[in-house]
2 protein chains.
Amino acid sequence: MLALSHGTPVPYFQSKGAADFAPLFLRQPTEIARAGATLFFEGDVAKSVFRIASGNVRVCRLLPDGRRIITGFLAAGDLIGLSFRNKYLFSAEAIDDLTFSRIGKRLLEEELQLVPEFRVHLLSHLRDEITAAQDHMLLLSHKNAEQRLCTFLLQRVELAGGRDGGVLALPMVRADIADHLGMTIETVSRTLTRLVSKGVLLPADRHQFKVASRAALARAADEEPDDDDEVARERRYAGRRF
Amino acid sequence: MLALSHGTPVPYFQSKGAADFAPLFLRQPTEIARAGATLFFEGDVAKSVFRIASGNVRVCRLLPDGRRIITGFLAAGDLIGLSFRNKYLFSAEAIDDLTFSRIGKRLLEEELQLVPEFRVHLLSHLRDEITAAQDHMLLLSHKNAEQRLCTFLLQRVELAGGRDGGVLALPMVRADIADHLGMTIETVSRTLTRLVSKGVLLPADRHQFKVASRAALARAADEEPDDDDEVARERRYAGRRF
DNA sequence: CGGGCCCTTGAAGGCCCTCAACGGAGGTGG
DNA sequence: CCACCTCCGTTGAGGGCCTTCAAGGGCCCG
């Protein structure tokens with residue numbers, strides 16, 4: 001279960017899915033953090049990689065003027081901090097109460113030297129991060145408020161494995177969503193309200209919605225505001241390709 | 001010159017700078033491409049990694065509706081395609097006439113198995129990509145047109161090693177800049193004009209400017225539009241931190 | 001009950017996009 | 001050599017989307 005024997009070739013550019021570093025953390029003690037606690041700050045010397053057992057984490061960076069961007073939200077099973085050099089590139093804060101474990105840089109290095117599989121997992125993880133970052137750049141540069149929010153909601157539905165009747169959990173506050181999607185809290189609020197009034201969402205409480213129509217959500221996430229015909233779409237394609 | 005002997009431990013999370021894969025490409029033949037040519041398309045099966053010898057490349061992704069984002073511009077010495085899984089994540093197109101070489105996935109795999117240093121370089125490269133992507137997300141989510149353009153121009157000045165009197169080269173067309181910064185070509189044009197009239201830039205031709213005041217450029221890249229005092233800045237900081 | 005935090009809603013304004021027209025540069029063919 | 005075309009860049013006018021500023025309500029806790 002743990003590893004291939006030394007010297008066995010392991011392809012670095014394979015098509016495998018998400019990395020699985022779980023075995024590395026099996027022997028590490030479980031720690032806890034309260035809502036609002038900071039696991040580490042952007043710029044801190046990186047000593048450990050973290051793995052979330054339960055709870056939610058926001059990962060964020062700050063501009064010199066204090067504005068903030070949340071590069072992502074993490075939950076149970078996710079890893080934090082694999083993309084550091086010797087300092088962390090971002091801060092990690094607990095959204096709600098958290099249980100997690102950590103593995104020291106030193107031990108991680110040793111495991112990577114010994115176990116080729118982990119090196120491949122590491123690469124796979126970094127590529128996933130790059131892909132996610134690029135997708136997010138697309139969202140930020142070209143999508144409007146409703147598309148951004150629907151894209152985000154859809155992601156949360158999918159990683160929860162939810163179906164149409166499923167409940168959509170938004171453990172973070174509106175300001176977190178806003179700073180993730182490059183919007184203001186007012187626009188987040190207004191857009192959520194609009195989605196409810198359109199019948200796409202059904203409000204449960206502040207942090208939970210039911211998805212009335214996942215199809216409508218998907219449509220709103222990727223497409224033009226409305227009445228968008230295939231002709232116009234093809235025309236734009238043609239204009240770009242050459 | 002080529003590598004450490006097998007088994008020598010190489011730290012994976014060290015602080016080294018940009019990766020140096022140049023030795024891998026020394027034996028590869030040089031190829032050429034005309035301006036406008038496409039090295040590979042997003043979604044193509046990834047067979048090779050490329051290294052630019054001369055010329056400029058744009059790296060881009062497309063939305064389903066045909067809108068485009070240019071994730072970055074590459075020049076001599078840069079590598080393309082290291083972050084693929086088994087398909088390319090983006091397209092790469094020649095901006096001007098290009099010379100480059102490539103190394104096959106197969107051979108690259110072998111080198112990575114044999115030479116620990118290259119594995120470290122690969123990680124370092126991927127982390128650089130993640131860092132750049134996050135910086136760009138910051139730009140796209142929170143900066144206005146002038147800040148975006150100044151940030152971009154400043155990057156180009158710095159990678160050219162230019163001083164105040166240096167010439168700023170913009171080999172790409174305005175549409176490329178627009179799709180990189182999440183703007184329209186009109187806004188790019190208007191903002192450039194404004195920077196010229198402010199005396200920050202001096203126009204040479206369409207694709208070259210002189211930077212009259214690099215300090216002004218840096219100020220405009222990161223700060224508030226204008227007359228921004230420290231008091232206001234500290235106030236915003238305080239508002240965010242708690 | 002008062003205070004703080006979070007969320008919502010309204011009103012006004014600004015920034016940037018959209019649409020449109022024009023001019024220059026470069027290439028091609030008459 | 002010039003007419004013509006296309007691509008690229010600039011500039012102007014108008015409008016829409018989102019931000020900013022402001023107020024108010026719900027919830028929790030001391």
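Because only heavy atoms are used, hydrogens play no part in the values below, and waters and symmetry mates are left out as well, while side chains stay in. Residue numbering restarts at 1 for every chain, and letters A, B, ... go by the order of the sequence lines.
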*Asks:* Quickly work out the A:Asp96 CG to C:dC6 C1' distance and round it to whole Å.
*Replies:*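 Roughly 16 Å, once rounded to whole Å.
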
*Asks:* Is there a donor-acceptor pair under 3.5 Å between the side chain of B:Arg174 and the backbone N or O of B:Arg206?
*Replies:*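 Side chain of B:Arg174 to backbone of B:Arg206: a pair is present.
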
*Asks:* Walk along nucleotides 8-15 of chain C from 5' to 3' and tag each nucleotide B, S or - by protein heavy-atom contact under 4.0 Å, base first, then sugar-phosphate.
*Replies:* BBBB----

*Asks:* Nearest whole angstrom, please: distance from the P of D:dC17 to the CE of A:Met183.
*Replies:*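 That distance rounds to 14 Å.
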
*Asks:* Report the residue from B:Asp96, B:Thr99, B:Thr30 that forms a side chain to side chain donor-acceptor pair (under 3.5 Å) with B:Ser54.
*Replies:*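 Of all the options given, the one that passes is B:Thr99.
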
*Asks:* Just the rounded figure in Å: distance from P of C:dC6 to CG of A:Asp205.
*Replies:*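 A:Asp205 atom CG is separated from C:dC6 atom P by 15 Å.
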
*Asks:* Regarding B:Glu129 and A:Arg127, does a basic nitrogen lie under 4.0 Å from an acidic carboxylate oxygen?
*Replies:*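 So B:Glu129 does not pair with A:Arg127 through a salt bridge.
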
*Asks:* Whole angstroms only, please: what is the NZ-P distance between B:Lys143 and D:dT19?
*Replies:*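 So the NZ-P distance, B:Lys143 to D:dT19, works out to 18 Å.
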
*Asks:* What is the distance, to the nearest angstrom, from the CG atom on A:Leu170 to the P atom on C:dC6?
*Replies:*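 That distance rounds to 16 Å.
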
*Asks:* What is the distance, to the nearest angstrom, from the NE2 atom on A:His142 to the C1' atom on C:dC17?
*Replies:*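 Taking atom C1' of C:dC17 as the reference, NE2 of A:His142 is at 12 Å.
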
*Asks:* Side chain of B:Val173 only, heavy atoms from C-beta on: which candidate in D:dG9, C:dC7, C:dC17 is closest?
*Replies:*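 The closest nucleotide is D:dG9.
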
*Asks:* When you check the phosphate oxygens OP1 and OP2 of C:dC16, does a side-chain N or O of B:Thr184 lie under 4.0 Å from one of them?
*Replies:*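 Answer is no, no contact under 4.0 Å.
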
*Asks:* How long is the gap from SG on A:Cys150 to CZ on A:Arg214, to the nearest 0.5 Å?
*Replies:*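 Between A:Cys150 SG and A:Arg214 CZ, I get 13.0 Å after rounding to 0.5 Å.
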
*Asks:* Just checking B:Gly182: base, sugar-phosphate only, or nothing, at a heavy-atom cut-off of under 4.0 Å?
*Replies:*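 If one applies the 4.0 Å heavy-atom cut-off, B:Gly182 turns out to touch the sugar-phosphate alone, with no base involved.
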
*Asks:* Please state whether the rings of A:His136 and A:His180 are parallel, tilted or perpendicular, taking 30° and 60° as the class boundaries.
*Replies:*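 It falls in the parallel class, under 30°.
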
*Asks:* Polar atoms only, N or O, under 3.5 Å: list the protein pairs with nucleotides 25-27 of chain D and their distances.
*Replies:*
none

*Asks:* Please give me the minimum heavy-atom distance between A:Val49 and A:Phe84, naming the atom from each residue.
*Replies:*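 Closest heavy-atom pair between A:Val49 and A:Phe84: CG2-CE2, 3.6 Å.
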
*Asks:* Regarding A:Asp179 and A:Arg67, does a basic nitrogen lie under 4.0 Å from an acidic carboxylate oxygen?
*Replies:*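 Between A:Arg67 and A:Asp179 there is no salt bridge, as every charged N stays at least 4.0 Å from the carboxylate O atoms.
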
*Asks:* Between atom NE2 in B:His207 and atom C1' in D:dG9, what is the gap in whole Å?
*Replies:*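 For the pair B:His207 NE2 and D:dG9 C1', the rounded distance is 9 Å.
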
*Asks:* Run the salt-bridge test on B:Asp128 and A:Arg85 with the 4.0 Å N-O cut-off and return the result as yes or no.
*Replies:*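 Yes, B:Asp128 and A:Arg85 are salt-bridged.
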
*Asks:* In terms of ring plane angle, is the pair B:Phe40 and B:Tyr88 parallel, tilted or perpendicular, where the classes change at 30° and 60°?
*Replies:*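 Parallel.
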
*Asks:* Take atom CG of B:Asp179 and atom P of D:dC8, then tell me their distance rounded to the nearest Å.
*Replies:*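 Rounded to whole Å, this separation is 13 Å.
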
